[in-house]
K.L.:
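Pasting a structure below so you can have a look.
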Protein chains: 2
Amino acid sequence: MQEILNIFKALSEETRLRILKLLENGELCVCDIVAALDTIQPKVSFHLSTLKEAGLIKDRKQGKWVHYSIHDSDIFRRFLLLSVLERISPETILEDSNRLRVFLKEKNQKSPIVAIDNRAVCCPR
Amino acid sequence: MQEILNIFKALSEETRLRILKLLENGELCVCDIVAALDTIQPKVSFHLSTLKEAGLIKDRKQGKWVHYSIHDSDIFRRFLLLSVLERISPETILEDSNRLRVFLKEKNQKSPIVAIDNRAVCCPR
DNA sequence: CTTACATATAAATATTATTTTATATTAAAC
DNA sequence: GTTTAATATAAAATAATATTTATATGTAAG
């Protein structure tokens, strides 16, 4: 029962749903999410670890950066995530995505390597 | 976003999952649930109201009694409930169902009106 | 109309989760 | 190797939830 409880607990907090919604379009590193949510970094790290613990996201380490993305592990989680993300309209996180866009654009100018998805590559190589 | 949060919050607590699992086989009145969970009545009422608030269960008043049952309102909730209940094995709530069985049997002897589902009718009419 | 029963609600308390602040870790840049 | 940047973790403060205890409400029975 603990496993399913962890999944629902992870999904029962607004910040975490906003993070998931942001990750819908691809992976982001912690600093991207911090910028998008306009909040402080330890808070984001806390929620990311909750989501990861529940098996909803995964991380990929690359140098100093840690990139998080949706982890479509088993069918149940995949289905849950799909239906959840579908039920959160883009307008709900409009401010988040605006801030993210601005942040990524700036990053892009400093290190103009563009990846798929019109997203900047997080970290210069 | 608040609606979906309420649904997940409702599903992120063990007592409430146990109640939902008990309701899987049909409606129960509050005192049945109290007996099954071997706990106190205000606690059960509290959790029932949370579940009802989230639209996961509904109530039916009959005299002094209030019967609760799963509310398969919209597709999302229905699907959620289905997959949740499926993922909670009967063994998980074995003690609960044992206590429920004993309690219903006793009730049955006092007022031997048997309803569908081999469950006693909660209250004499 | 008084009593007893089923449930709900309120208030007080306890528990758990989140947020903040401060600090540690790790890796790249200098 | 020292500094800087990105992230994580620990400790403390705060906020949110759940539990308990006490009481209220409504309904049927006597």
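Convention: sequence-line order gives letters A, B, ...; per-chain numbering from 1.
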K.L.:
Rounded to whole angstrom units, what separation is found between the NE2 atom of B:His67 and the P atom of D:dT27?
P.N.:
14 Å
K.L.:
How far does SG of B:Cys29 sit from CG of B:Asp59, to the nearest 0.5 angstrom?
P.N.:
12.5 Å
K.L.:
Quickly work out the B:Lys61 NZ to D:dA28 P distance and round it to whole Å.
P.N.:
13 Å
K.L.:
So which nucleotide from C:dT19, D:dT20, D:dT7 ends up closest to the side chain of B:Ile40?
P.N.:
D:dT20
K.L.:
Take the protein atom CD of B:Glu27 and the nucleotide atom C1' of C:dT7, then report the distance between them rounded to whole Å.
P.N.:
15 Å
K.L.:
Taking all non-hydrogen atoms of both residues, which atom of B:Thr15 and which atom of B:Lys43 are closest, and how far apart?
P.N.:
OG1-CE, 4.1 Å
K.L.:
Distance check needed: C:dT9 C1' versus B:Asp59 CG, whole Å only.
P.N.:
15 Å
K.L.:
Closest heavy-atom contact between B:Glu27 and B:Ser69?
P.N.:
CB-CB, 3.6 Å
K.L.:
Mind running a 4.0 Å heavy-atom check of residues 8-21 of chain A against DNA chain C and sending the residues that fall below it, in number order?
P.N.:
A:Lys9, A:Glu13, A:Arg16
K.L.:
Separation of A:Gln41 atom CD from C:dT19 atom P, in whole Å?
P.N.:
14 Å
K.L.:
Quick check: do A:Phe8 and B:Leu80 have side-chain heavy atoms less than 4.5 Å from each other?
P.N.:
yes
K.L.:
Taking the nucleotide of DNA chain C with the nearest heavy atom to each, does A:Thr50 or A:Gly63 sit closer to the 5' end?
P.N.:
A:Thr50
K.L.:
Under a 4.0 Å N-O cut-off, is there an ion pair linking B:Arg18 with B:Glu95?
P.N.:
no
K.L.:
Can you name the closest pair of heavy atoms from A:Cys31 and A:Lys107 and give their distance?
P.N.:
SG-NZ, 4.3 Å
K.L.:
Please determine which of B:Val84, B:Leu85, B:Ile88, B:Leu82 meets the side-chain contact (heavy atoms from CB on, under 4.5 Å) test together with B:Glu24.
P.N.:
B:Leu85
K.L.:
Taking the basic N atoms (NZ, or NE/NH1/NH2) and the acidic carboxylate oxygens, is any pair closer than 4.0 Å for A:Lys21 and A:Asp96?
P.N.:
no
K.L.:
Is A:Ile7 close to A:Phe76 at the side-chain level, that is, under 4.5 Å between some pair of heavy atoms?
P.N.:
yes
K.L.:
Polar atoms only, N or O, under 3.5 Å: list the protein pairs with nucleotides 1-5 of chain D and their distances.
P.N.:
{"from": "D:dA5", "atom 1": "O4'", "to": "A:Lys64", "atom 2": "NZ", "distance (Å)": "3.4"}

K.L.:
Roughly how many Å is it from CG in B:Asp38 to P in D:dT20, rounded to a whole number?
P.N.:
12 Å
K.L.:
Could you check how far CD of B:Gln62 sits from P of D:dG26, rounded to whole Å?
P.N.:
19 Å
K.L.:
Tell me whether the side-chain N/O atoms of A:Tyr68 come closer than 4.0 Å to OP1 or OP2 in D:dA6.
P.N.:
no
K.L.:
Passes side-chain contact (heavy atoms from CB on, under 4.5 Å), A:Thr92 versus A:Leu17? Steps please.
P.N.:
CA-CA 10 Å; A:Thr92 311; A:Leu17 289 191; over 6 Å; no
K.L.:
Could you check how far CG of A:Leu5 sits from P of D:dA18, rounded to whole Å?
P.N.:
12 Å
K.L.:
As a quick check of understanding, evaluate side-chain contact (heavy atoms from CB on, under 4.5 Å) for A:Leu81 and A:Leu20, giving each step before the final call.
P.N.:
CA-CA 8 Å; A:Leu81 282 172; A:Leu20 286 175; 3.9 Å; yes
K.L.:
I'd like to compare against my own output: the B/S/- annotation of nucleotides 10-15 of chain D with a strict under-4.0 Å heavy-atom distance to protein.
P.N.:
------
K.L.:
In terms of side-chain geometry, is the basic nitrogen of A:Glu3 or A:Arg77 positioned less than 4.0 Å from the acidic oxygen of its partner?
P.N.:
yes
K.L.:
Reckon B:His47 has a side-chain N or O less than 4.0 Å from the OP1 or OP2 of D:dT19?
P.N.:
yes
